[in-house]
Structure formats: C-alpha cells, structure tokens
Amino acid sequence: MEWIRVADEPHKLIDRVLADNVISDEGLTLLREGMVVRGRHIPMLRRQGIEMIPVGSYAPVLDQIDQKFHEHYPRFADTYKRQFGELKSCFSKIQQGDKADLDNAIAMFTELAEEALESVNLFEVLQQMHGHNEYTYRHSIHVGLLGALVGKLMKWPSDQIVRIGHAGLLHDIGKIRISNAIIDKPDKLTPVEFAEIKKHCELGHELLINYMDAHEDLLDGTLYHHERMDGSGYPFGLMSGDIPDIAQVLGVVDVFDAVSSDRAYHRKSSPLAALGVVISEVYQGKLSAKYGLPFIQYMLDAYTGSTVILSDGRVAQVVRIQMEEVENPLIRLNDQVVSLRSLKDVEILDVLDQASKKAIGGMTS
Ligand SMILES: [Fe+2]
Ligand SMILES: [Fe+2]
C-alpha cells in the first residue's frame with residue numbers, strides 16, 4: 001500500500017486499486033476500498049479537500065478494458081480480452097519450450113484490428129491504459145493496432161494492413177528469451193543490461209522462423225523495428241533506404257506506445273509527452289517522416305476537442321494543438337480559451353473516455 005498526495009501526484013492515482021475507503025469530513029464514503037481510481041475522480045477528491053489516499057497496485061489490464069470499454073464497445077472489449085489471453089498463453093508456452101500456435105494468435109488479431117479500425121475510437125483505447133502489469137501483451141496489441149492504423153492512413157491495401165498488425169503484435173516476441181529481471185526492471189538499465197535487451201530483435205526473428213511459417217513482413221518487422229533512419233538504431237545500424245517500410249512504421253508507433261506507458265508508470269508528464277517524443281525524433285531524422293507525420297497528425301486531430309483533467313483537478317477542453325508546442329495546447333477553461341503554458345505548473349493529467357465524460361457531466365462548460 002502507498003499513500004499518495006492528491007494535489008502533488010495525481011497521475012500516480014489513476015487506475016490504481018483503493019486500499020481503503022475514502023471518507024469525507026462529513027463522514028460520507030466517497031470511494032470504496034477495492035475500487036479503481038479514475039481520472040474523473042480527481043476533481044471530486046480535490047473539491048472534497050481529500051489530501052491523501054491509500055492505493056495498492058494498478059488494476060489488471062483486463063479489468064481496465066472491461067471498465068472502460070464494455071459499455072460502449074462490447075465486441076471490441078471481448079475480442080481484446082480473448083486476444084490478450086491467447087497471446088499470453090502462446091508466449092508462456094514458448095517460454096516453457098512447448099509448442100505454441102502463433103498462427104492462431106495472429107488470426108485472431110485480424111478480427112480485433114478490423115473492429116478497432118472500423119468502430120472504436122482507437123485514440124481513446126490507447127490513451128486509457130495505465131500501469132505496468134502485463135505490459136508486454138498490452139504493448140504488443142497496441143503496437144499492432146497502431147501499426148494497422150498507420151497502414152490505413154497510408155491507404156495501404158487491406159492484406160498489407162493486416163500484416164503490419166500481425167508484425168506489430170509479434171515485434172517484441174524476442175523479449176521472452178530475455179531474463180524477466182531485465183525486462184521488468186523499473187530503473188534505468190546498465191550498459192550490459194541494455195546490450196542484452198538489444199538482442200530481442202534477432203532472438204524474435206529466430207523464434208518466428210522456428211514457430212511459424214512467417215511472412216517476410218513479420219520477419220522484417222521483428223528484426224528491424226529498432227533501426228533508425230539516421231543509422232543510430234540497432235541491431236545493424238541500417239540507414240533509411242535499407243530499412244523495410246514495415247519496420248519504419250513499427251519504429252514510430254513502438255516509440256509512441258513505449259513512452260505513453262512509461263509516463264503512466266513512473267514519470268510525471270502530460271499524455272501529450274509521448275507525441276512530443278515522436279515529433280522530436282521525426283525532426284531529428286531518427287523516425288520516418290513519411291509514416292511519422294500522418295500518425296502525428298491523426299493523434300493531434302484526435303486530441304483536439306477532447307475533454308481532459310488538469311493536474312490541478314480542473315476539467316478543460318482541448319481547443320487547438322500546435323506541433324511545435326504539443327504539450328501546451330490551447331484549452332477552454334471556464335469559458336475562456338487560454339494556453340496551458342499560461343497556467344504555471346499545470347499539465348494535462350488524463351483524457352476522459354466516453355463513460356467518464358458521461359459521469360462527469362457538463363463540467364467543461
Ligand atoms: Fe522492441
Ligand atoms: Fe516494442
């Protein structure tokens with residue numbers, strides 16, 4: 001159990017399980033032990049003058065999916081859960097040296113990606129997942145979905161969109177051959193540990209060859225997703241023209257998802273920070289501009305108009321975001337449009353999903 005100050009570290013509360021009831025000064029139970037704290041609870045806790053609350057671990061990924069998506073996207077939530085279970089079972093079978101049906105795992109993903117691209121606000125899905133438990137499966141699914149999204153934005157033919165989804169789903173499979181002590185280490189890796197992590201691209205490539213009749217795109221995605229356009233990547237330090245397109249796309253969305261998750265786990269920074277990192281790596285010539293820019297534009301459009309919780313507990317609406325200053329959008333707050341920059345030490349804490357928006361009502365007006 002950990003006590004968190006609502007005013008100082010609200011980002012550390014979201015999606016964690018309450019370790020005790022939260023009681024108001026008047027003796028009313030505001031939140032019950034065992035409940036999961038959501039972004040929309042923060043304004044209420046601040047209004048009630050609650051200073052500290054006790055929380056345990058992050059809610060399991062599948063509980064988060066259920067709570068956030070079951071009402072509005074029931075089919076997507078069910079398919080996501082099945083995909084998650086299938087991937088987990090395949091990875092653990094391989095880890096134990098047993099046979100695993102990777103072809104089945106990727107076949108299922110085709111259905112998930114179709115639902116996500118057709119009927120779900122993908123931005124909402126990716127925005128709303130917090131915590132580090134079972135990160136590998138969640139990250140794999142999200143990189144697959146985002147990869148497919150970029151394929152769609154680029155108007156690729158549908159079979160190619162499906163393949164990039166599959167490649168994203170399996171891009172980090174090599175990590176199952178690397179010690180958990182390194183994979184799960186929350187602190188900065190030592191140079192020796194980092195060298196070990198870097199092996200996951202080649203190990204994954206080898207696993208795909210051994211476990212399935214993998215399409216060349218899947219092999220390329222796994223082997224080259226950490227190569228960078230300026231030659232600074234690994235394992236081979238390839239330059240732009242030598243990096244297959246599928247790996248260039250995965251490079252962009254992999255960075256985005258990894259930084260988004262990192263934020264939720266231990267850093268204090270806006271959810272827009274992950275987009276800021278992608279933008280700066282595109283400008284530095286590391287990530288592909290061809291695939292990075294349409295992705296960035298999609299995400300900027302998705303954020304625009306969204307309802308957000310600020311770190312001081314207020315609710316605002318994003319009016320406009322400029323690429324040069326992505327973490328300081330123009331926001332509508334109490335009927336005034338201001339730059340987030342003008343609010344000292346305030347940042348965006350969370351983006352409200354449909355269910356939370358409904359629960360919080362017309363607080364933005
Ligand atoms: Fe990777
Ligand atoms: Fe990755």
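Whatever order the structure lists them in is the order used to number ligands and atoms, beginning at 1. None of the values given here were measured: they were computed from a predicted structure.
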So that I can check it, does any N, O or S atom in His225 come closer than 2.8 Å to the Fe ion (ligand 2)?
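No, His225 does not qualify, because none of its backbone or side-chain N, O or S atoms lies under 2.8 Å.
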Check whether any N, O or S atom of Asp257, backbone or side chain, sits closer than 2.8 Å to the Fe ion (ligand 2).
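Checking Asp257: none of its N, O or S atoms is under 2.8 Å.
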With a 4.0 Å cut-off, would you call Glu111 and Arg82 a salt bridge?
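So Glu111 pairs with Arg82 through a salt bridge.
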Where is the tightest heavy-atom contact between Leu207 and Gly174, given as atom of each residue plus distance?
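Shortest heavy-atom separation between Leu207 and Gly174 comes out as CD1-CA, 4.3 Å.
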Starting from the Fe ion (ligand 2), look over the N/O/S atoms of Asp254 and name the nearest one.
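It is OD1 of Asp254.
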For the Fe ion (ligand 2), find the closest N/O/S atom belonging to His139 and write down its atom name.
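Result for His139 and the Fe ion (ligand 2): NE2.
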Among the N/O/S atoms of Asp172, which is closest to the Fe ion (ligand 1)? Give the atom name.
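Minimum-distance N/O/S atom of Asp172 relative to the Fe ion (ligand 1) is OD1.
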Can you tell me which N/O/S atom of His226 has the shortest distance to the Fe ion (ligand 1)?
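Relative to the Fe ion (ligand 1), the closest nitrogen, oxygen or sulfur of His226 carries the name NE2.
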Should the pair Tyr135 and His139 be assigned to parallel (<30°), tilted (30 to 60°) or perpendicular (>60°) ring geometry?
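The arrangement is parallel - the two ring planes meet at less than 30°.
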Quick one: are the ring centres of His226 and His200 less than 6.0 Å apart?
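Ring-ring flag for His226/His200: true, centres closer than 6.0 Å.
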With no hydrogens and no angle check, do the side chains of His142 and Ser260 hold a donor and an acceptor under 3.5 Å apart?
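No pair is found: no donor N or O on one side chain lies under 3.5 Å from an acceptor on the other.
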